[in-house]
Structure formats: structure tokens, C-alpha cells
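As the structure is a prediction and not an experimental result, all values here were calculated from the model.
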Amino acid sequence: MNPGNTASLLPRGATLRSAGRRVAAAAAVALCALFACPALAEQAMVIWKNRECGYFILQMKSGYGIFRWIDGPQPNDGDVLEGDFRSAGERLVDNKTADVPTTILLYAFALNRSAIATRMPAKCKALPDYIPFKGR
């Protein structure tokens, strides 16, 4: 074997140039997979909150959700949150407005405002200063 002839290490019929292209393509695919953003992350805006009962409503592209605040700073009206809002269980999401993380729990999801307004927790409705969410 001739040490200066690296082409002999390639599969039969392959050239150094075609092998380099395959390596570059494989590296590009690996980098894309490594740095890909989570597919479930979306942004939503707080459109109603009640600090006394600990619930708030998010408006998302896919609909509306009632969430219970668990930990971290409570979101305010108009705050933009980013994360996975459609999955069950506690979720750590980013409050983009306040630049802090907060933990929330999905209570109910609906495609329109009137449907989400009817699903407000009884705990919130029982408060003396409860201001209902309008379902227009």
C-alpha cells in the first residue's frame, strides 16, 4: 500500500470528493438534530388572571387554556409565556415579559373563548371579588 495514496482506503468506485460530500452531509444532519428547537414550544399571552384563586387564562394560537400557578412569579395580564401548554402535568415555562421561569399546571383547554369561560374553576367563582372572564 502506498502511504501517499489515500484513495485506496475508500470503497471501490468512490472518489475522495464524493466521500467528503457524504461526511459533510452527515455532519450537517447531526448538527441540525443537535441544535433543533423543541417542536412543542409555543408562545401564549395571559388574558385573564385571579391571584386569589391562583388561576389564569392563556390565549394561544391553538386555543385557550386555564392554568393553575404552581411556583415562581405569578404571571400578570399581558405577559407572554413560552413553553409546552397542551400537555398534562406541571410544566416549567418561560415568562418572556419578565424574563423568569414559572411552573404551571393545565386545568382546561378549549378552542374558543366561550367554551373556556364556562370551565372556570368553582374555587375562583366562589371568591367574593371574582370578576368573570367574558366568553364573547
Does a side-chain heavy-atom distance below 4.5 Å link [X] with [Y]?
| X | Y | result |
| --- | --- | --- |
| Ile66 | Pro121 | yes |
| Ile116 | Phe133 | yes |
| Ile47 | Phe56 | no |

Pair listing, disulfide (SG to SG under 2.5 Å) test, anchored in [range], at least two apart:
| range | value |
| --- | --- |
| residues 91-120 | none |
| residues 69-102 | none |
| residues 69-118 | none |

For a quick test of reading the model, state the closest non-hydrogen atom pair linking [X] to [Y] and the distance between them.
| X | Y | value |
| --- | --- | --- |
| Ala88 | Arg91 | O-NH2, 3.2 Å |
| Asn95 | Pro75 | ND2-CA, 4.3 Å |
| Arg119 | Ala108 | CZ-CB, 3.8 Å |
| Gly83 | Val93 | CA-CG1, 4.1 Å |

When you measure from the centre of the six-membered ring of Phe109, is the NZ or CZ of Arg86 closer than 6.0 Å and no more than 45° off the axis?
yes

Could you work out, with side chain to side chain contact (heavy atoms under 4.5 Å, CB included) as the rule, every residue matching [X], not counting sequence neighbours?
| X | value |
| --- | --- |
| Ile70 | Arg68, Glu90, Thr103, Leu105 |
| Tyr130 | Trp48, Asn50, Met120, Cys124, Lys125, Leu127, Pro132 |
| Asp99 | none |

Would you say the side-chain atoms of Thr118 pair up with the backbone N or O of Ala115, donor to acceptor, closer than 3.5 Å?
yes

Hey, does the side chain of Arg113 reach the backbone of Ala110 with a donor-acceptor pair shorter than 3.5 angstrom?
no

Look at the side-chain heavy atoms of Ile, Leu, Val, Met, Phe, Trp and Tyr, link any pair under 4.5 Å apart, and say whether Ile131 and Trp69 land in one connected group.
no

Qualifying salt bridge (charged side-chain N to carboxylate O under 4.0 Å, His left out) pairs with a residue from residues 70-79, counting only residues at least two apart or across chains
Lys49-Asp77

Who pairs with Tyr55 by ring pair (Phe, Tyr, Trp, His ring centres under 6.0 Å), at least two apart in sequence or on another chain?
Tyr107

Which residues pass the salt bridge (charged side-chain N to carboxylate O under 4.0 Å, His left out) test with Glu82, sequence neighbours left out?
Lys96

Report all side-chain donor-acceptor pairs from residues 58-65 shorter than 3.5 Å, counting only partners two or more places apart or in another chain.
none

Quick one: side-chain hydrogen bond (donor to acceptor under 3.5 Å, both in side chains) partners of Gln74, sequence neighbours excluded?
Arg51

When rounded to the nearest 0.5 angstrom, what is the spacing between OG1 in Thr102 and CG in Leu92?
8.0 Å

